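Heads up: the structure comes next, in structure tokens.
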Amino acid sequence: MVQTSVTANDGEWHQICFSWENSLGSWKFYKDCILKEEGTGFKKGYTIREGGTLVLGQDQDSVGAGFQSAQSFQGKLSNVNVWDHVLPDTQIKEMSTSCLLDEWNEANVYKWTDFLRQGGVKLLTPCTCEPFRIWSR
């Protein structure tokens, strides 16, 4: 497991990106398009097999079971995407300042619209998405 000291529990929207490649096990953790932490050796040589299940916002104590409401994510998620390759820094930066999905930032493994079709998602309208203003901070 990779653990970082980066926090995002401040009531503000943040773009979070975790990147991992298996040949060296190298990983990077970005917050609002800024590289905050990185390392190597995480699951080096490991391959993620097809047919699994991706669980968001909930700790599971065993595969597909052991869910406890006290261990669930409390907050809002948007535009969750999963790719089968490491994104270039330029793409991560571009995505952190845009609320729009297009061919450039639509994932090829799981894309945000896949999660919306699964149900259990409450859409807020009107959309509260605004481009991050990280450059003026």
Side-chain angles (χ1 to χ4, degrees):
M1 176 187 307
V2 171
Q3 292 185 334
T4 75
S5 61
V6 180
T7 62
N9 188 14
D10 59 6
E12 300 293 323
W13 277 99
H14 294 283
Q15 184 230 25
I16 301 295
C17 178
F18 181 82
S19 143
W20 167 75
E21 66 81 26
N22 68 348
S23 64
L24 297 173
S26 61
W27 60 271
K28 294 180 178 182
F29 188 91
Y30 299 82
K31 177 181 170 187
D32 299 333
C33 90
I34 298 168
L35 178 62
K36 295 292 189 175
E37 293 186 24
E38 62 184 317
T40 59
F42 177 65
K43 297 287 189 177
K44 183 178 177 180
Y46 183 80
T47 301
I48 299 172
R49 296 185 316 261
E50 290 184 38
T53 302
L54 177 62
V55 177
L56 292 178
Q58 179 66 63
D59 177 41
Q60 57 181 341
D61 298 323
S62 60
V63 176
F67 298 110
Q68 298 175 30
S69 61
Q71 296 175 331
S72 65
F73 172 78
Q74 302 295 314
K76 299 173 185 173
L77 295 172
S78 181
N79 293 344
V80 176
N81 291 280
V82 179
W83 286 264
D84 65 359
H85 59 278
V86 174
L87 301 177
D89 291 347
T90 54
Q91 186 173 355
I92 293 168
K93 184 175 182 178
E94 166 80 19
M95 289 170 49
S96 76
T97 60
S98 174
C99 298
L100 303 174
L101 291 177
D102 56 24
E103 303 81 34
W104 171 251
N105 60 21
E106 186 173 74
N108 65 346
V109 176
Y110 285 106
K111 55 186 173 254
W112 180 236
T113 53
D114 295 334
F115 293 105
L116 297 177
R117 283 192 289 269
Q118 293 297 315
V121 175
K122 178 182 176 185
L123 293 177
L124 301 177
T125 54
C127 177
T128 59
C129 181
E130 291 182 31
F132 288 98
R133 307 277 187 234
I134 61 174
W135 314 120
S136 61
R137 286 186 187 164

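Every value quoted in this text rests on a predicted model; they were computed, and no experiment measured them. For the numbers below, each heavy atom of this structure counts, side chains included, while hydrogens, waters and symmetry mates do not.
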Any heavy-atom pair between the side chains of [Y] and [X] that's under 4.5 Å?
X	Y	value
Asp89	Lys28	yes
Val2	Trp20	no
Val55	Phe67	yes
Gln15	Lys31	no

Regarding Glu21 and Ser19, is there a side-chain donor-to-acceptor distance under 3.5 Å anywhere?
->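 Checked: Glu21/Ser19 side chains show no N/O donor-acceptor pair below 3.5 Å.
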Side chains of Asp61 and Gln68: is there a donor and an acceptor less than 3.5 Å apart?
-> yes
What distance do [X] atom [atom1] and [Y] atom [atom2] have between them, rounded to the nearest 0.5 Å?
X	Y	atom1	atom2	answer
Phe42	Leu24	CZ	CG	14.5 Å
Lys93	Cys17	NZ	SG	14.5 Å
Trp112	Leu77	CH2	CG	6.0 Å
Met95	Thr90	CE	OG1	11.0 Å

Please report the shortest heavy-atom distance between [X] and [Y], naming the atom on each side.
X	Y	result
Asn108	Trp83	OD1-CA, 3.3 Å
Val82	Leu54	CG2-CD2, 4.0 Å
Val6	Phe29	CG1-CE2, 3.5 Å
Tyr46	Asn22	O-ND2, 2.8 Å
Gln58	Ser72	OE1-CB, 3.2 Å
Cys33	Ile92	CB-O, 4.1 Å

Give the intermediate values and the outcome of side-chain contact (heavy atoms from CB on, under 4.5 Å) for residues Trp13 and Lys76.
-> CA-CA 9 Å; Trp13 277 99; Lys76 299 173 185 173; 3.8 Å; yes
Answer yes or no: are there more than 12 heavy-atom neighbours, outside Asp10 itself, under 6.0 Å from its atom CG?
->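 Counting neighbours around CG of Asp10, more than 12 heavy atoms of other residues, nucleotides or ligands fall under 6.0 Å, so yes.
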Output every pair passing side chain to side chain donor-acceptor pair (under 3.5 Å) with a member in residues 33-44, not counting sequence neighbours, ordered by first then second residue.
->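 Found Ser5-Glu37.
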